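Order of the sequence lines fixes the chain letters, A, B, ..., with proteins taken first and strands second; residue numbering starts at 1 for each chain. Being a predicted model, the structure only gives us computed values, none of them experimental.
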Amino acid sequence: MTVVTRFPPSPTGFMHIGNARTALFNWLYAKNTGGKFLVRIEDTDRERYSEEAVQVILNGLEWLELDYDNEPESQFANRRRHIDIANELLAKGMAYKCYCTPEELDAMREKAKAEGLPTYYDRRWRDKDDSDAPAGVDPVIRIKAPLDGSMIVEDEVQGKVEVQNKQLDDFIILRSDGTPTYMLAVVVDDHDMGVTHVIRGDDHLNNTFRQNVVYDAMGWDKPTYAHLPLIHGPDGSKFSKRHGAQSVEEYREMGYLPEAMRNYLLRLGWSHGDDEIIPTDKAVEWFNLDHIQKSPANFDFAKLENLNAHYIAEMEANALIDSARPFFDEELTNIASQRMLEGIGELKKRSKTLLQFAEEAAFYIKAPDSYNEGAQKNLDTDGLEVLEKIIPVLEGLSDVTPDSVMDACKTLAGEIRDGKLGKIGMPLRAALTGSDKSPAIFEAAAILGKDESIARIQKAIQAFK
RNA sequence: GUCCCGUUCGUCUAGGGGUCUAGGACACCGCCCUUUCACGGCGGCAACACGGGUUCAAAUCCCGUACGGGACGCCA
C-alpha cells in the first residue's frame with residue numbers, strides 16, 4: 001500500500017510555525033516511505049477566504065522546499081460530493097434533519113452547562129418524523145453518533161485512546177444553507193484522495209472520534225492517525241504573538257535558511273538518538289512516527305539561531321551571497337560581491353542569520369559614512385597619528401596580502417606603539433569599517449586593496465582631525 | 001463543568017526494570033586561542049513534578065495528587 005499523507009491548511013493569511021512543522025512531518029513521512037504528499041486547501045469558510053491567503057501558504061511551502069504531488073486541491077470545489085454523501089447518509093437513516101432554531105440551541109447549551117453534561121444537543125430531532133417539521137425553517141443535517149459503548153483510536157503518537165460514546169454528540173454535517181461542515185468534508189476528501197496517514201496537531205485528537213463516526217457510517221477504511229503535540233512559546237504557554245515570530249514568513253525575513261528551519265522544526269518533538277544536525281537527506285532516511293515526543297515542545301530561538309549559523313557556515317559561497325542579497329541596504333555591486341567572496345571565511349563564522357551576514361559584509365560595499373561609538377574612541381589623537389603613519393606603510397607595500405599587511409603593521413607597532421598590534425589594528429578597523437567590531441582587519445584591508453584602504457583612512461582622518 | 005493528553009537539566013531531548021554516581025545539544029559560566037567582536041578548543045553548572053504501590057531492583061510498570069496543555073461552534 002502506498003502511503004498518502006496530506007497537508008490541509010485553512011487560508012488564514014499566514015502560515016503558522018506549528019503548521020509548518022505539521023507539513024514537514026507529513027512531507028518527511030511520505031518521502032521516507034516512498035509515498036505521496038498532497039495539499040488541500042480547507043477553504044469551505046467562504047467569509048474568510050481570499051486568493052492571497054492561499055498564496056501565502058503555498059509560498060511558505062515553496063520556501064521551506066516542501067514539494068507536493070498534486071495540484072493543491074480546493075475543499076470548497078468538492079462541496080457537491082460532500083452534499084451527496086450527506087444525502088446518502090440521510091437516505092440510509094444514519095443522519096437526520098434537525099429543525100432547531102438558534103434560540104433553541106442556545107437554551108440547550110445553557111441547560112447542558114448547568115447540568116454539567118458533556119454535550120449540549122439533546123438529539124430532539126433524531127427520531128422525529130419529517131412531517132413534524134416547522135414551516136419556514138431550513139434544517140441542518142446531523143449524523144447519528146453511537147449512543148453508548150466506547151470508541152478506541154490507536155494513535156501512532158498518543159497510543160491507545162478511548163472515549164465514551166456519550167461524550168459524542170450528533171454533530172452537524174450539512175449546514176442549514178446547504179453547505180458541508182469541516183467534520184464531513186475532511187473525511188470525504190481524505191477518503192477520496194486515498195489518504196492513508198493523517199498526521200496533524202493534537203488539537204484534532206478529539207475530532208478524530210467524530211470523524212470516525214462518519215467513516216463508520218460510510219463503511220470506509222479509516223486512516224492511520226498520528227497526533228503531534230503542539231508547539232509552545234519559550235515560556236511554555238501557547239505560542240502567540242507576544243512570543244515573537246509566529247509565521248514562517250517572518251523567519252524568512254529575519255534571515256533564517258529553510259534548511260535550518262527544517263532541521264530545527266524536526267528536532268522539536270522528534271529525535272534520532274543524539275543526532276542534532278540532521279540535513280534533509282538524513283531526515284528523509286530516518287524519519288518515522290516512533291520517536292515523536294508526546295508532550296508539547298517549547299520554541300527556543302537560540303537553538304534555531306545556532307542551527308542557522310551552522311547551515312550558513314556550510315553553504316556554498318556564491319549561493320550564500322546570493323541568498324543574502326535581499327538583506328543589503330545597498331545594491332550589491334560586482335566588486336562588492338567579489339570582495340565578499342574573498343572574505344567569505346570570516347563572514348561565515350560571524351553570521352547567525354542572513355541579516356547578520358549582510359550587516360557584517362556591508363563595509364565591503366562602500367566606505368563607512370558614520371562611525372560607531374567604539375570606532376570613534378579609536379579615532380582619537382593617538383589613533384589619527386597611527387592612521388597618518390599607516391598610509392606610507394601601505395603605499396610601500398608591493399604585494400598586498402593579509403600577511404603582508406599584518407607584517408607591515410607589526411613593524412609599525414614596534415616603531416611607535418611598543419609592539420602593541422591592537423594600537424594599530426583598532427584605528428585601522430575604525431577607518432575601514434566604521435566599527436570597533438569587524439572581521440579580521442588585515443585580511444579586510446588586503447581585500448579592499450591599497451587604494452580603497454588608503455582612501456578610507458584619509459576619509460577618517462578628515463572626519464576626526 | 002465534562003472528556004482527552006502530557007510532566008527527565010533554563011530549553012530541545014536520549015532513556016523500553018539492573019550497564020544511570022542519568023547521556024547529547026542549545027543557552028549560561030570559566031579557561032585557552034586572539035589586533036576587536038566572533039569562530040574554535042577544553043572544562044564546569046544543571047533534571048527523572050509529588051505521594052503511594054509492584055519488584056531483589058524503577059527515570060523506566062501501576063494507582064493517586066498537583067501542575068500544564070487540548071477539545072467540547074451551523075470555525076477549520
Side-chain angles (χ1 to χ4, degrees), chain A residues 8-12 42-45 47-48 75 98 100 102 105 109 112-120 138-142 153 155 157-159 161-164 166-169 171-177 179 181-183 185-186 201-210 227 229-230 232 234 236-238 264 267-277 291 293-307 309 313 345-346 348-352 360 374-375 378 406 409-410 413 420-430 433 435-442:
Chain A
S10 47
T12 53
E42 311 260 291
D43 51 0
T44 54
D45 186 351
E47 306 209 344
R48 289 193 219 167
Q75 184 154 70
C98 164
C100 289
L105 260 16
R109 237 183 290 268
K113 205 173 174 182
E115 293 173 12
L117 265 29
T119 59
Y120 76 95
D138 290 325
V140 298
I141 296 181
R142 289 179 181 271
V153 167
D155 191 274
V157 175
Q158 308 292 336
V161 182
E162 180 174 15
V163 161
Q164 295 303 313
K166 59 171 177 274
Q167 295 294 329
L168 270 30
D169 57 351
F171 58 90
I172 295 170
I173 55 175
L174 210 64
R175 300 185 186 98
S176 54
D177 65 0
T179 60
T181 61
Y182 162 79
M183 215 58 83
V186 239
D202 78 4
D203 48 338
H204 282 289
L205 183 57
N206 289 274
N207 286 157
T208 306
F209 294 89
R210 294 192 174 76
H227 285 93
L230 272 18
H232 286 178
S237 68
K238 198 174 172 180
Y264 179 70
R267 278 292 286 106
L268 202 56
W270 181 83
S271 60
H272 184 263
D274 282 340
D275 293 308
E276 297 288 345
I277 303 293
H291 293 273
Q293 196 76 10
K294 293 178 85 172
S295 53
N298 293 3
F299 199 91
D300 181 10
F301 291 93
K303 191 148 184 174
L304 204 213
E305 230 173 43
N306 176 274
L307 242 15
E346 279 282 306
K348 273 180 173 179
K349 286 195 292 199
R350 313 172 59 77
S351 312
K352 289 191 158 104
E360 291 287 343
N378 285 301
M406 180 158 77
C409 286
K410 270 184 179 159
K420 290 191 173 126
L421 192 52
K423 293 281 187 188
I424 308 296
M426 289 310 286
L428 181 62
R429 166 170 287 115
T433 70
S435 168
D436 58 332
K437 292 163 194 150
S438 84
I441 200 59
F442 304 120

#### Entry: Pairwise C1' distance, B/rA14 and B/rU54 [rounded to whole Å]
26 Å
### Task
Using the P atom as the reference point in each nucleotide, state the distance between B/rG53 and B/rU11 in Å, no decimals.
30 Å
### Task
Tell me, please, which residues at least two apart from A/F442 pass ring-ring contact (aromatic ring centres under 6.0 Å, His included).
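Per chain and number, A/F442 pairs via ring-ring contact (aromatic ring centres under 6.0 Å, His included) with no residue.
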Is [X] touching bases, backbone alone, or none of the nucleic acid, heavy atoms closer than 4.0 Å?
X: A/T44; value: sugar-phosphate
X: A/K113; value: nothing
X: A/G269; value: sugar-phosphate
X: A/V161; value: sugar-phosphate
X: A/A440; value: base
X: A/C98; value: nothing
X: A/E42; value: sugar-phosphate
X: A/I441; value: base
X: A/H232; value: sugar-phosphate
X: A/D436; value: base
X: A/N207; value: base
X: A/K420; value: nothing
X: A/S271; value: sugar-phosphate
X: A/L230; value: sugar-phosphate

### Message
With the 90 degree cut-off around zero defining syn, does B/rC39 come out syn or anti?
### Response
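This nucleotide is in syn.
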### Query
Hey, is B/rG30 sitting syn or anti, using the within-90° cutoff around 0?
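You should classify B/rG30 as anti.
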Given that both distances must come in under 3.5 Å, which nucleotide forms a Watson-Crick or G-U wobble pair with [N]?
N: B/rU7; answer: B/rA66
N: B/rG1; answer: B/rC72
N: B/rA14; answer: none
N: B/rC33; answer: none
N: B/rC28; answer: B/rG44

#### Entry: A/T179 side-chain N/O to A/R175 backbone N/O, donor-acceptor pair under 3.5 Å
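No: the side chain of A/T179 does not pair with the backbone of A/R175.
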Partners meeting side-chain hydrogen bond (donor to acceptor under 3.5 Å, both in side chains) with [X] (sequence neighbours left out):
X: A/Y120; value: none
X: A/D275; value: A/H272
X: A/Q158; value: none

### Query
For RNA chain B, which nucleotides open and close the run of contacts to chain A, 5' to 3', at under 4.0 angstrom from a non-hydrogen atom?
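With heavy atoms of chain A under 4.0 Å away, the range is B/rG1 to B/rA76.
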### Message
Under the rule for salt bridge (charged side-chain N to carboxylate O under 4.0 Å, His left out), what residues qualify as partners of A/D45, not counting sequence neighbours?
### Response
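A/D45: salt bridge (charged side-chain N to carboxylate O under 4.0 Å, His left out) contacts with A/R48.
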### Message
Suppose we call two aromatic rings close when their centres sit under 6.0 Å apart. Are A/F299 and A/Y264 close by that rule?
### Response
yes
